[in-house]
Protein chains: 2
Amino acid sequence: MAVTIKDVAKVANVTPSTVSRVISNSPRISEKTKRKVRKAMEELGYFPNFKARSLANRSTQTIGLVMPNSTDKVFQNPFFPEVIRGISKIAHSMEYALHISTGETEEEIYEGLVRMVQSGRVDGVILLYSRINDNVMSYLEEKKFPYTIIGKPYINSDGISHVDNDNFSAAKEVTKYLLKLGHKRIGFVAGCLNLMVTLERKRGYESALLNADITINNDYIVHEEFLREGGQEAISELLSLKEPPTALVVADDLMAFGMLNTLDEMGLRVPDDISIISFNNLLLSEVSRPPLTSVDINIYNLGLQSAKCLIEKIKQPDEPAKRIIIPYKVIERNSCKKLS
Amino acid sequence: MAVTIKDVAKVANVTPSTVSRVISNSPRISEKTKRKVRKAMEELGYFPNFKARSLANRSTQTIGLVMPNSTDKVFQNPFFPEVIRGISKIAHSMEYALHISTGETEEEIYEGLVRMVQSGRVDGVILLYSRINDNVMSYLEEKKFPYTIIGKPYINSDGISHVDNDNFSAAKEVTKYLLKLGHKRIGFVAGCLNLMVTLERKRGYESALLNADITINNDYIVHEEFLREGGQEAISELLSLKEPPTALVVADDLMAFGMLNTLDEMGLRVPDDISIISFNNLLLSEVSRPPLTSVDINIYNLGLQSAKCLIEKIKQPDEPAKRIIIPYKVIERNSCKKLS
DNA sequence: TTGTATGCGTTATCAA
DNA sequence: TTGATAACGCATACAA
C-alpha cells in the first residue's frame with residue numbers, strides 16, 4: 001500500500017487536514033509546520049493520490065483531446081503532433097494532464113466523448129478539428145461543458161470559444177499572389193469538404209478570383225479526400241482539360257506532396273509548367289522538391305492558445321466566449337513562378 | 001449535481017450496493033432486478049462516476065503513453081499518430097483510456113512520468129521509444145510498475161516486455177539487397193544515436209558489409225539528428241569524398257526525404273546517380289519523388305500489440321515478460337538501381 | 001493556526 | 001439474491 005496523507009500526518013505529528021492544507025499551500029498554515037510536514041512528505045516519498053484528490057475536489061486536472069477519425073487520412077497529418085506539442089506546453093505548466101480520445105468511426109468518437117465527459121474523466125475538452133454538423137460539438141454545447149475548438153465553428157461562432165487562423169484571408173492572399181504572378185487559370189485542390197478549414201480556404205480562393213473578375217470554373221476545383229486512393233485520377237483529369245490551370249492552390253501540404261508526385265508522373269514540372277501554393281508549412285514543405293511555397297499557420301501556437309483558452313474557461317465558466325485568431329505568414333519558396 | 005448511484009437505487013427501489021452489482025454485471029443478481037435497475041439508469045441518464053470508481057477500485061482503466069521530447073524532431077514523425085492509432089484500437093475495445101505525457105526536456109518527461117505513476121493516474125505505461133540509459137525505464141523497472149516498450153530495451157531485454165521489429169535483420173537484408181544490386185560503397189545515414197532502433201539498424205548494416213568482406217568505412221557513416229539543421233553539410237561532405245558511396249541506407253523515411261532534397265540540390269539524381277533505401281514506409285515514401293524503397297515495419301501493429309501486451313501485464317502482473325516481434329517487409333519502389 | 005467531523009460516489013465485506 | 005456498513009484517500013466547513 002502506498003503512503004497516504006495519514007502516514008505523513010503521523011510522522012509530522014499533525015492531523016491529516018493539516019497535511020492537506022500544506023499540499024494546497026494554504027496561507028493559514030505556519031511556515032514552521034509547513035516545513036515540518038514537507039520534510040515528512042519528503043522522507044516518506046509521499047505523492048497525493050490523484051483519484052482521491054479529484055473525487056474530493058470534483059476536478060481532474062486533465063484536458064480531453066478529441067481527435068478526428070483515426071482511420072482517416074487526416075489523422076496522419078503532422079499537424080496533430082505539432083498542435084499537441086503546443087497544448088502540452090501549456091497543460092504542463094498549468095499542471096494539467098492530457099487525455100486523448102479517438103475512434104474509428106464518428107459514432108465511436110461521439111460515444112467516447114460522451115463517456116469521457118459524463119463519467120467526469122476530464123475538466124474540459126479541446127476539439128482538434130472543426131467540421132460541419134458535428135454532434136460532438138452539439139453535445140458539449142448542450143451540456144454546457146467547457147470546451148474549445150481549433151478551427152472555426154460551423155455555427156454560432158461568436159458564442160463558442162475557438163482558436164483559428166483567418167483561413168479565408170490566407171487563401172485569398174495566396175490566390176492574389178498567384179494572380180499577381182500573372183496566373184489566370186488557377187485551380188483549387190480541396191481536402192475533406194466537411195472540415196471548416198477546407199471550406200474557408202475555398203471561400204478565400206473564390207473571393208480572390210471574383211475580385212479579379214475571373215469567373216469561377218468548377219472544373220478547376222477538385223475535391224480530394226487525400227493523396228492516395230483515387231486522388232491521382234481526379235488530378236490528372238484536371239490537368240488534361242483543354243485549358244488546364246497554370247497554378248494550383250492546394251488546401252494542405254500533405255496533399256501538395258501527392259500533387260508533386262502526380263505531376264511528376266505526368267511529366268509536368270513545378271514550377272516551370274505549373275505553380276503550386278499550399279497550406280500549413282509542415283516541415284516537409286521545406287524538404288520537398290521543389291520546396292513548397294506554403295502558408296505558415298503557426299500550428300504550435302494554435303495548440304498553445306487553445307489550451308490557455310480552455311483552462312481559463314474551466315476556471316471561469318461564466319466568462320464570455322473568446323475568439324483567438326493566430327496570424328499566418330506566407331513562406332515563399334520555389335513552387336511558384338511568374339507567368340510570362 | 002449529477003445523478004449518482006443512490007438516485008438510481010431510489011428509483012429502482014433497491015440499495016446502492018445492488019446497483020453497483022448491476023453495473024459490474026455480477027452474476028449473483030437476478031435478471032429481474034437487473035432489468036429494473038438498468039431501466040432506472042436509462043431513465044435518469046446515469047453514468048458511473050469515474051473518480052469514485054477508480055478510488056474504490058484502485059484502478060483507473062487508463063494507459064499512460066510516454067512520448068519522446070516534444071521539441072525533438074523525432075516528435076514530428078508520423079510514426080506517432082500511427083502507433084497511437086494501433087494502441088487506441090485495442091485500448092478502446094478493452095475500455096481503456098489513453099493518457100499522454102510528454103515534455104520539452106528529458107527531465108520534464110521523467111518527472112511527468114513519476115507524477116503520473118505515483119499519483120496513480122494510470123494502470124500501466126507504454127514507452128513509445130527505446131533509448132539507451134533511459135531513467136524512465138529504470139524507474140518503472142524499480143517500481144515494478146506495469147509497462148511495455150516499443151522498441152528493443154537497452155538492457156535486460158529478456159526481462160522486459162516489449163514489442164519490436166527485428167531491425168537488425170531488416171537493415172541487414174536491405175544492405176544485402178544493395179550489395180546484390182552491385183553496390184559496394186554503401187553509406188549509412190543514422191538518426192539519433194541514443195535510440196535503440198538506430199543502433200540496431202546500424203548493426204545490421206555493418207553486419208551485412210562484414211559478411212560480404214567489405215570493411216566498414218567510417219567516412220560512410222553519417223550521424224544526423226535530422227534533416228534540417230546542419231544535416232545538409234554532413235551529407236554533402238559524404239558525397240564529396242573522392243570515392244563517394246553509390247548507395248545509402250537511411251535510418252528513417254523522414255531523413256530520406258531530406259536526403260532527396262539535398263541530393264537534388266547537389267545535382268545528384270536518385271536512383272541514377274545514387275540509390276537510397278530507408279525505413280518505416282511512411283505514407284510519404286509513397287508520394288516522394290522518386291517513390292522510396294522502404295522497409296514497412298507495420299507501425300500500426302506495433303501499437304496494437306504493445307497495448308495488448310500491456311493490458312495483459314496489468315491484469316496478470318506475475319506473468320513472465322513477453323517479446324513480440326512484428327514482421328517487416330521490404331517495399332520495393334524506385335529509389336534503388338542496379339549498378340552497371 | 002490547527003483539529004474534528006463529514007462528504008465525495010463507488011466497491012467490497014459481511015450478514016441476512 | 002440482496003442489504004447494511006465500512007473502506008478508498010483527500011478536502012473542507014466548522015469549531016476551537
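Chain naming here is simple, since letters A, B, ... match the order of the sequence lines and numbering starts at 1 in each.
Around the CD atom of B:Glu106, the shell of radius 6.0 Å holds no more than 12 heavy atoms that belong to other residues, nucleotides or ligands. Summarising the local packing, CD of B:Glu108 is surrounded by more than 12 heavy atoms from other residues, nucleotides or ligands at distances under 6.0 Å. Other residues, nucleotides and ligands place no more than 12 heavy atoms under 6.0 Å from the NZ atom of A:Lys10. More than 12 heavy atoms of other residues, nucleotides or ligands sit less than 6.0 Å from atom NZ of B:Lys313.
Looking at B:Gln61, B:Lys315, B:Lys308, B:Lys89 one by one, the single match for side-chain contact (heavy atoms from CB on, under 4.5 Å) with B:Met94 turns out to be B:Lys315.
In this structure, CD of A:Gln61 is placed 14 Å from C1' of D:dA11, rounded to the nearest angstrom. Atom CD1 of A:Ile5 and atom P of D:dC8 are 14 Å apart (whole Å). What separates NZ of B:Lys10 from C1' of D:dT2 is a distance of 19 Å, to the nearest Å. Atom C1' of nucleotide C:dT10 and atom CD1 of B:Ile23 are separated by 8 Å, given to the nearest angstrom. Rounded to a whole Å, the NZ atom of B:Lys6 is 13 Å from the P atom of D:dT5. The CZ-P distance, from B:Arg58 to C:dA12, rounds to 10 Å in whole Å. Here D:dG9 presents its P atom at 17 Å from CG of A:Asn57, a figure rounded to the nearest Å. Between the CG atom of B:Asn25 and the P atom of D:dT2 there is a distance of 13 Å, given to the nearest Å.
Between A:Leu55 and A:Ile29, the residue anchored nearer the 5' end of DNA chain C, judged by the nucleotide with its closest heavy atom, is A:Ile29.
When distances are taken from the side chain of A:Thr33 to each of C:dT1, D:dG9, D:dA11, the shortest belongs to C:dT1.
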Expected rows: protein N/O vs nucleotides 3-6 of chain C N/O, under 3.5 Å:
unit_1, atom_1, unit_2, atom_2, d
C:dG3, OP2, A:Thr15, N, 3.2
C:dG3, OP2, A:Thr15, OG1, 3.1
C:dG3, OP2, A:Thr18, OG1, 2.4
C:dG3, N7, A:Arg21, NH1, 3.0
C:dG3, O6, A:Arg21, NH2, 2.2
C:dT4, O4, A:Ser17, OG, 3.3

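When only modelled atom types and interatomic distance are considered, A:Ser17 and A:Ser20 share no side-chain donor-acceptor pair under 3.5 Å.
Contact between the side-chain N/O atoms of A:Ser20 and the OP1/OP2 oxygens of D:dA11 is found at a separation under 4.0 Å. The phosphate of D:dT2 has OP1 or OP2 within less than 4.0 Å of a side-chain N or O from B:Ser30.
Annotation: side-chain hydrogen bond (donor to acceptor under 3.5 Å, both in side chains) contacts of A:Ser88 (sequence neighbours excluded): none.
Listed by residue number, the members of residues 43-53 of chain A with any heavy atom below 4.0 angstrom from DNA chain D are A:Tyr46, A:Pro48, A:Asn49, A:Ala52, A:Arg53.
Residue contacts for A:Ser24: at a heavy-atom cut-off of 4.0 Å it reaches no nucleic acid atom on any strand shown.
Taking each heavy atom of A:Thr4 and A:Tyr46 in turn, the nearest pair found is C-CE1, 3.6 Å.
Salt-bridge check for A:Glu82 with A:Arg85: passed, with a basic side-chain N closer than 4.0 Å to an acidic carboxylate O.
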